[in-house]
Amino acid sequence: MIEITPKIVREHGLSEDEYGRIKELMGRAPNYVELGIFSVMWSEHCSYKSTRAHLRRLPTTGPQVIQGPGENAGVVDIGDGDAVVFKMESHNHPSFIEPYQGAATGVGGIMRDVFTMGARPVAMMNALRFGAPDHPKTRHLVAGVVSGIGGYGNCMGVPTVGGEVNFHAAYNGNILVNAMCVGVARTDKIFKSAAEGAGNPVVYIGSKTGRDGIHGATMASAEFNEDSEEKRPTVQVGDPFTEKLLLEACLELMATDAIIAIQDMGAAGLTSSSAEMGSKGGSGIELDLDHVPQREANMTAYDMMLSESQERMLAVLKPGREAEAERIFKKWELDFAVIGITTNTGRLIVKHKGEVVADMPVHALSEDAPVYQRPFTHRTPAAALGPDDFDSSKPIADSLVKMMSSADLASRRWVWEQYDHSVMADTVQAPGGDAAVVRVHGTNKALAISTDVTPRYVRADPFEGGKQAVAECWRNLSAVGATPLAVTDNLNFGNPERAETMGEIVGAIDGIAAACIALGFPVVSGNCSLYNETNGEPILPTPAIGGVGLIRDVTRTASVALKRFGDVLLLIGDTKGHLGQSIYLREIDGREAGSAPPVDLTHEKRNGDFVRGLIEAGRVDTVHDVSDGGLLVAVTEMALAGNIGASVALPVGVKKVPFLFGEDQGRYVLSVPAADLDRIRAEARAAKVSCVDIGRVLNTPFVEAASASVSLAVLRKGHESFLPQLMRAPS
Amino acid sequence: MKAAVIVFPASNCDRDAATALEYFTGTKPAMVWHGESDVPDVDLIVLPGGFSYGDYLRCGAMAAHSRIMRDIKKKADEGVAVLGICNGFQILAESGLLPGTLLRNADLKFVCRPVNLVVEESQSAFTRKYSTGDHVRFPVAHGEGNYFADDETLKRLEGEGRVAFRYANGDNPNGSIRNIAGILNEKRNVLGMMPHPERVCDAMLGGTDGRPLFESLVEALT
Amino acid sequence: MKARVFVTLKNGVLDPQGKAIGNALHNLGFASVGDVRQGKVIEIELGESDSTRAKAQLKDMCEKLLANTVIEKYEIELR
Amino acid sequence: MKARVFVTLKNGVLDPQGKAIGNALHNLGFASVGDVRQGKVIEIELGESDSTRAKAQLKDMCEKLLANTVIEKYEIELR
Ligand SMILES: Nc1ncnc2c1ncn2[C@@H]1O[C@H](COP(=O)(O)OP(=O)(O)O)[C@@H](O)[C@H]1O
Ligand SMILES: [Mg+2]
C-alpha cells in the first residue's frame, strides 16, 4: 500500500485543510485509492467549490422547467408531451494540449450528458475562443479544434448548427472550447441519475476502461504554467463510432422500462458516476472492479476508479432485467457487465481481487465537498468615453470594409462548412443567422438556439457584461421569432483564488441572474471552467450563455437575409451611440477602452416581445439584431446574406460614427414592405417601443450610408477571406 | 414502390432516407440491419449516408463486407434498383458494385454546403424526371468524396452515359475527377452519388431539387 | 507473431495529404525535404507460428480488406 | 536519401481504428488475429546525404509536426 505523505496529498490538488476534513469524514486516514477518489470528487471541476455559493443566486425555475441544474442536463417543456434537453460544457485544457482529440471528446462528453437523460441529440453548438490571429499557435489550434468538433459531431449524425468564434490575445495560452448539445425527449421518458433502492444491479456499458486521462478532472482545475506543456498529461482519444452505437443502444434500452437510473461516465469516470448516483438516490453502491471491462493488463483499482476513458455509461437496472439489457448492447457490439449492486448502507464500497480497496460514505464525496467563500474585489468598471473621444476622421466606407473583414466580424463560413449542419433533415436555419432553427422532427414546431457572450464587455464591467450575454442570447432567439425558454451557461474564468478574478465571477453571475430574472429566462444547466490562465495571465472573463427558444409554427420565422427591393429598414430600440468597448474603437481607433454598453432590461424585453409578435403574426420575415459592430454592420450582414443592397439614412442631428457603429443594446433591424410601415409604427408607439425608419432595400448591389457607398462584392471579399487567409499555410 | 433502407453501424442518414421515402411512397420503408442475411422483397434498396464503422480504415470498406451485402449484390444482379447516397456510394464502390473509389477531399477538409450539379443523364430510373442538362442544387456533407477512377474506367463511364451527375463547373467541392458526383452501373439499376437528394425535398430546408429523383423512382418502379 | 502491413497509394494516385505535409515541412524550414507520401501502417498480432502461412493469411487480409487495390499497394513485413 | 517515419499511438492510448479493423478481420474469418493497431507511415525524400544529420532533421520534424507526442510515438527508418 502506498503511504500517504503531504506531498502525495498536494499532488492530488488537495489542501491541508481539505485533507484534514477528509480524515474527519472518514474517521481515519484514507488509503491511496480513497484519496484519489476524494481528489477528483473535491476538485473544482466536480465540486464547484469556488462558485457553488454564488450559483445559488441564479433563477432556475419557471412553469416551463421540468428539470433544472443538478442532473446531467436541463429539461424544458415544449408542449405536446415533448421536452428539450440541453447543456453546455467546456473542454478547454485538453483542447489546448491536443486540439483535435480535446475538442472531439468535448463534443462526445456533452452528447452523453444529453442522451443519458433519454433525449435524442438534435443539434450541436460550439463557442470557441482563440488567441490573437497572428499568435504562432493560433492556426494550428483553430485547425485542430474545428476538425475535432466536426470529426466527432459529423460521425454522430447530429447537425452542428451554430456557435461563436472570437480571437483575442488574452486566450493565447488558454483557448476556450465550449460545446452545447440540444436533444429532444418525451416528457414521460426522462431518465435521471438517482440510484434509488437496494439490491439493484449496477451495470457498465460502452467502451472498455483504459488508463486514459487519469486525473483529467484535477487537471481541468489547475492553472497552466510553462511546463505543463512539457509534462503533457494524457489526453483521451475519442471514438465517435462507439459513441454512435452507445447512443442507439441506450435509446433502445430506454424504450423498455428496465432502467432505474443512468449516468454517463464523464470527468472522474466511474468514481463520480457511482458516487453521484448513490448520493442522489440516498443509497450505497458496492462495486466489484474485477468485472469492469478492461482494455489494458494489470490495471489497479486506482486506475479504474479514476480513468476517464470515453464512451461509457453506468446504469442501475431493475433486478432481473440484466439479460434483456445485455442482448441490446451485444447487438450493438458494446461491452456490458454487471459490476455492482446498490445497497442501503450509504457507503461506496469498492472491491478488487477479493479485497475491499475503498470504503467511504457516499455523502462525504459529493454533499460534503468543501464550499468556499473566496474573497473577492469588484474592480471599478472602466470609465465611459467622452462624447467626442473617438476618431471620426476615417471615411465610413473604409471603416466598414475594415470592420467586416476583422477577426471578430468576418464570416465564420470556413468553420461551419466543416460541420454537417443539415443531417437529420430538420435544419431550417443553418449557421449564419441570429439563431439556428431546427424543426422538432415530425412536427410543425421548431427550436431556436444561440450561444452568446461578449468577453470584452465582461472585462470592462462584469455585471453589465453578464447581463449583456443573457440579453443578446434572448435577443437572438427573439429575432427568429422564438419564445426564449431557458439557458445553459458555461462560466469560463481565471484563477478564483485571485480576488479580482473572483470579483469578475461574482459580478458576472449577478448580472446573469438579473437578466435571467427580468427576462423570465431561467438557467437549467451549466458548467464552470476556472483556472484558465497561463503564467498568471487570465483569459477575458467569458461566461458563455446558450439559450433555447420555441417556435410554435415553423412557417412563421424570420431570417437575416434581405428579401425584397423597396422594403423599408426599421430600427427597433434606442440609439445613444455607445462606442465604449466597441469593435469600431478597437479596429479603427486601435483602442480597447470605455465602459460596456448598459442593458436596460425593461426595454430589452419590450422590444423583443414586440419584434417576436410581428414574426409570430406572420407580418415580418426579415430581422437581425444589432450587436458587435453596430447598426451599419448589422445592415451590411443583412445585405450580404440576401445579396441585395441597402441604404441607411442618418436622422438629422446625429453624429455619424456613434450612430452607425455604436453598440447600444436591445436593438433590431427589420425589413418590411413599405405598405406596412405606418401600421407597424403605430403599433410600436402603442407598445412604447422606439421604431425609426432608417433606410431602404436597394436594387443595386451596394451598401450606402452617410454618402458612403461600398459594393457588396468588395464587402463580401473582405468578409469571406479573413478565415481562409488565416488558415492557409504560408507558402 | 416498396423500399428498404440498410442500416449499418453508424449509418446516420438512415432516418432521413426513410422520411423521404415514406413521403413519396406513402409507406414506411423496411429498415434492414446489416447483420441480416436477406433484404425483403422490394423494388428499391437504399444505402444511406453516415459513417459506417466510423469510416475507419477507408470509408465503406468494412460495411462492404457486411453479411447483407451478399444479398444486395445478388439482387442488384437481378435488376433491383440500388441507390447509394454519400457513405452508401462509398460502400457500393468498395463492394465493387460501382467502379472507382472515393478518396479524401482534395483540400483534406470535411465539407458541408449546397453545391450546383448538372444532371448528365436523364435515361435512368433515378433521373427520368429530370432533363439532361438540368441544373440542380443539393447539399454535400463528406470528408471523402473525391471520386477517382483510371482512364479506361472513365472512358467507359462517359462513353456509356453512366455519369448521372456532375458538379457544375467551378463548384467541385472535393476534387473529383472530371467533376463526377454520381455514377450508374452498367445495367443502370445502381446509382451512387455523394450529394444528398433526401435533404432537399422540403422547401423549408432549403430546396426541393431532390424531389424529382424520388418521383422518378416511384414512377419507374411502381 | 507480429506483422506490419504498409498500405500506400499507388504511384500516379494523387496524395494531397503527403503534399500538405511536404508543404508544412518546408514552411517550418526543412528545405531539404523533397517528395512526401503518406500511407498507413497496420500492426497485427497473429496467433500463427508458421511464417509462410502467416504471409498467406496477411496477403488475403490485404486483398479482402486492408487495401483497396484500385488505388493502393501493400507490403507485408513479419517481425 | 529516403526515409520512412512511423507514427503510432502510444501504448495505452485508445486506438479506435485498430480496434475496428481487428473486429472486421475477425468477422471475415481471420480467427488468429490478435491485437491490431493502426498508424501512419510517412515517406520522405531528403536532399541530405549524411545519415546522422538526416536522422537529426527527421527527429526534429517529428517533434515539431509529424507526431503529437502527447498521444503518439514515432520511429525513424533510413533506407
Ligand atoms: N464555431 C461556430 N460553429 C458554427 N457556427 C458558428 C460558429 N461561430 C459562429 N457561427 C455562426 O456564425 C454566425 C455569426 O456568429 P456571431 O457573430 O457570433 O452571431 P451573433 O452576433 O448573432 O451572436 C452565427 O450564425 C453563428 O451561429
Ligand atoms: Mg445576432
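Keep in mind that this is a model prediction, so the values were computed, not measured.
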Notebook entry, point to check: Do other residues, nucleotides or ligands put more than 12 heavy atoms under 6.0 Å from the NZ atom of B:K109?
Noted result: yes
Notebook entry, point to check: So with a 6.0 Å cut-off around CD of B:E152, is the heavy-atom count from everything else above 12?
Noted result: no
Check: Heavy-atom count around C:K19 NZ within 6.0 Å, excluding the residue itself: above 12?
Finding: no
Next item on the list: Verify the neighbour count for atom CG of B:N169: are there more than 12 heavy atoms of other residues, nucleotides or ligands below 6.0 Å?
Entry: no
Checklist line | Most chain C-contacting option - heavy-atom pairs closer than 4.5 Å, from B:T101, B:D107, B:N105 | finding: B:T101
Checklist line | Considering all heavy atoms, the nearest C:P16-B:A106 contact | finding: CB-O, 3.4 Å
Notebook entry, point to check: Side-chain contact, heavy-atom cut-off 4.5 Å: B:L103 with C:V13?
Noted result: yes
Next item on the list: Working to the nearest 0.5 Å, report the span between CD1 of C:I71 and CG of B:D150.
Entry: 11.5 Å
Item checked: Close approach to chain C in residues 55-75 of chain B, criterion heavy atom under 4.5 Å -> B:L57, B:R58, B:A61, B:M62, B:H65
Checklist line | Exceeds 12 heavy-atom contacts within 6.0 angstrom, atom NZ of C:K10 | finding: yes
